[in-house]
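Proteins get letters first, then strands, A, B, ... in listed order; numbering begins at 1 in each.
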Protein chains: 2
Amino acid sequence: MKPGKRILVVDDEQAMRRLLRASLEPEGYQVLEAASAEAGIREAASQRPELVVLDLGLPDGGGEAVLKRIREWSQVPVLILTVQDADEDKVRLLDLGADDYLTKPFSVPELLARLRVLERHANAGAAEPLLRCGDLEIDLAAHQVKRLGQEIKLTSTEYDFLKVLARHAGKVVTQRQILKEVWGPNSVEHTHYLRIYAAQLRKKLEADPSNPKHILTEPGVGYRLRG
Amino acid sequence: MKPGKRILVVDDEQAMRRLLRASLEPEGYQVLEAASAEAGIREAASQRPELVVLDLGLPDGGGEAVLKRIREWSQVPVLILTVQDADEDKVRLLDLGADDYLTKPFSVPELLARLRVLERHANAGAAEPLLRCGDLEIDLAAHQVKRLGQEIKLTSTEYDFLKVLARHAGKVVTQRQILKEVWGPNSVEHTHYLRIYAAQLRKKLEADPSNPKHILTEPGVGYRLRG
DNA sequence: GCTTTTTTTTACGTTTTCTTTACGCGCCTT
DNA sequence: AAGGCGCGTAAAGAAAACGTAAAAAAAAGC
């Protein structure tokens with residue numbers, strides 16, 4: 001028999017964590033707990049659970065940030081729990097990458113059934129969040145970039161730029177898309193930003209910045225990270 | 001523009017079908033309707049929709065049977081609609097293979113968001129569209145062309161030219177159409193562009209550029225990409 | 001409040017790509 | 001057989017896109 005799937009419960013209320021543990025463990029799940037948004041992100045990144053149950057009502061920054069951060073590198077199924085019942089919230093969260101949404105109070109059997117549905121779906125692409133490109137390691141989960149095992153310090157804009165490329169590693173990302181994702185939809189015309197930050201990234205993580213092996217230019221189209 | 005995803009609505013109430021059609025068509029879905037369980041099964045089998053919205057409150061045998069029958073041969077995402085709110089029902093339906101469950105009255109934006117989630121899951125495992133023409137591979141998503149597995153560098157215009165031919169692989173594309181799609185409607189007279197770029201493409205992706213096997217000339221008409 | 005870091009602005013040299021121009025070949029018509 | 005026509009090839013000039021450096025402005029850290 002396999003060891004049960006690991007499921008991460010992110011909730012600040014101890015009572016809720018206890019209830020979930022009591023409900024999930026008899027079903028064969030191995031329950032991991034996190035009591036804050038920060039801890040949730042950390043656990044998700046380090047433990048790589050097969051499922052996540054996320055309470056929106058977290059005190060420190062809210063669960064929404066957790067979902068966003070997880071979705072930067074992982075496709076793990078996330079079920080949202082919440083007390084409120086606002087429509088716009090549901091829609092926004094689902095579009096942000098949440099896979100299901102339950103309002104408290106919920107029925108435990110329904111929760112279990114919905115988790116089974118998520119498990120059924122989960123067999124899809126389990127992408128390795130640690131990207132290796134030659135001498136380069138990009139860990140989207142840990143927000144860390146290494147070259148030859150040594151950590152490289154990137155500014156936040158540089159990291160965002162690299163992140164966009166890494167998420168579509170091997171594929172061309174259009175200038176428009178990069179600008180939109182890094183600088184926002186209002187800056188899609190400032191294509192010179194791309195040249196400047198491409199140069200800065202190459203200076204930091206290419207062996208020979210004038211002969212880039214990783215960050216490749218596709219003239220007239222965009223940039224591409226060699227995978 | 002692609003034709004929208006086809007979505008099958010199974011519901012005996014005409015008012016509900018009308019509401020769903022009115023909500024879904026503006027989103028780009030192509031709506032198929034069935035007013036009974038029997039019709040639902042028949043439509044699902046013959047039309048193979050990409051999504052199914054199924055009302056449980058059907059008179060003839062109930063929607064449960066529809067779900068069971070569909071699951072015998074298809075993994076199409078099914079979203080259940082129902083008036084009742086009994087826990088055991090939800091659990092049973094979800095375990096029977098339903099992918100989501102909404103109770104009436106429901107909010108249309110939430111329905112749409114949940115349908116988007118189901119679409120996301122359905123597309124997760126699907127490989128990207130790869131156009132194959134003999135030893136040639138054209139990956140439209142990655143903006144990349146390979147020959148015998150080896151990447152070929154194309155300029156933006158060369159790529160556009162090839163893309164037009166590839167979209168109608170095997171068929172003749174007229175000079176007019178190529179010029180219009182690559183250089184815009186104002187350049188339909190510059191037929192010499194075609195000769196230049198056809199030559200460049202042949203130089204890059206034919207084994208013997210003077211004996212083209214892929215990019216064939218149809219004298220007086222246009223060009224054709226052999227499949 | 002000042003220093004340090006990061007982002008944005010500005011400017012210019014270089015490379016790549018696109019367009020223009022020119023010429024050779026084969027074929028059909030006259 | 002000469003000349004027009006459509007196609008293929010080559011190479012030059014024009015234009016666009018890219019890379020780099022450095023200063024000004026803004027933000028972050030102490």
More than 12 heavy atoms of other residues, nucleotides or ligands under 6.0 Å from [atom1] of [X]: yes or no?
X       : atom1 : answer
R132(B) : CZ    : no
K153(B) : NZ    : no
K68(A)  : NZ    : no

Quiz item: Please walk me through it: do R71(A) and D99(A) pass salt bridge (Lys or Arg N to Asp or Glu O under 4.0 Å)?
Solution: CA-CA 11 Å; R71(A) 275 293 170 269; D99(A) 295 281; 2.8 Å; yes
Self-check item: Residues that E43(B) engages under salt bridge (charged side-chain N to carboxylate O under 4.0 Å, His left out), provided they are two or more places apart
Solution: none
Self-check item: With sequence neighbours excluded, residues passing salt bridge (charged side-chain N to carboxylate O under 4.0 Å, His left out) with K204(A)
Solution: E158(A)
Starting at atom [atom1] of [X], determine the distance to atom [atom2] of [N], rounded to an integer number of angstrom.
X       : N       : atom1 : atom2 : value
N211(A) : dC18(D) : CG    : C1'   : 15 Å
L216(A) : dT15(C) : CG    : P     : 19 Å
Y223(B) : dC7(D)  : OH    : C1'   : 7 Å
I215(B) : dC7(D)  : CD1   : P     : 15 Å
E189(B) : dG6(D)  : CD    : C1'   : 17 Å
L179(B) : dC18(C) : CG    : C1'   : 14 Å
Y159(B) : dT17(C) : OH    : P     : 16 Å
F161(B) : dT19(C) : CZ    : P     : 13 Å

Heteroatom pairs (N/O) under 3.5 angstrom, protein to nucleotides 25-30 of chain C:
none

Quiz item: What's the spacing between D11(A) CG and L54(A) CG if we round to 0.5 Å?
Solution: 8.5 Å
Quiz item: Counting only side-chain N and O atoms of T191(A), is one of them less than 4.0 Å from OP1 or OP2 of dC18(D)?
Solution: no
Are [X] and [Y] within salt-bridge range, i.e. N to O under 4.0 Å?
X       : Y       : answer
K163(B) : E181(B) : no
R114(A) : D100(A) : yes
E13(A)  : R18(A)  : no
K146(B) : D139(B) : no
E206(A) : K213(A) : no
D55(A)  : K104(A) : yes
R176(A) : E189(A) : no

Using a cut-off of under 3.5 Å, enumerate the N/O to N/O pairs linking the protein to nucleotides 15-17 of chain D.
residue	atom	partner	partner atom	Å
dA17(D)	O3'	G220(A)	N	3.4

What does the list of N/O pairs under 3.5 Å between the protein and nucleotides 24-30 of chain D look like, with a distance for each?
none

Contacts under 3.5 Å, N or O only, protein and nucleotides 5-8 of chain C:
residue	atom	partner	partner atom	Å
dT7(C)	OP1	T157(A)	N	3.0
dT7(C)	OP1	T157(A)	OG1	2.4
dT7(C)	OP2	T155(A)	OG1	2.7
dT7(C)	OP2	Y197(A)	OH	3.4
dT7(C)	O5'	T157(A)	OG1	3.4
dT7(C)	O5'	Y197(A)	OH	3.3
dT8(C)	OP2	W183(A)	NE1	2.8

